[in-house]
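None of the values given here were measured: they were computed from a predicted structure.
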Amino acid sequence: MSQHDRELERRARELFLRASQDVDPAMSGRLRAARRSALSRPRASAARRLLLPAGAFAVLALASLIVWQPGGSPPSPASIGAAVESDPNDLPPDADSADPALYKDLQFYSWLAYNDTKSPSRK
């Protein structure tokens, strides 16, 4: 801290102490009353204090209902695979049925994918 900053701090402290001594009794009484009323107010109502645990319980209940489906068993990996295979647009084409030109430059596509994920900040 420089000498100028220390001098400024000392002067500010002196001015504050002098001004706080010169406060008239009516104003100091109002300030004390405002401080007491601010400190006596409850921080949070009971409803707000219960909101966080109730929200956590609701999220837990919703998650458990999503995971556990009444009247059914959880999906097996085979049924998930069948669902994925049922939509032909989601999967890449088989090598036999695809255009051979797509497979001509696989190294280029590999290089392109590698460089695309390597530097996402490039624009």
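Pairs of residues two or more places apart, or lying in two chains, that qualify as side-chain hydrogen bond (donor to acceptor under 3.5 Å, both in side chains) and include a residue from residues 9-22 are Glu7-Arg10, Glu9-Arg13, Arg10-Glu14.
In this structure, CZ in Arg6 is found 7.0 Å from OG in Ser2, a value given to the nearest 0.5 Å.
Take Phe57 and apply the side-chain contact (heavy atoms from CB on, under 4.5 Å) test, not counting sequence neighbours, and it matches no residue.
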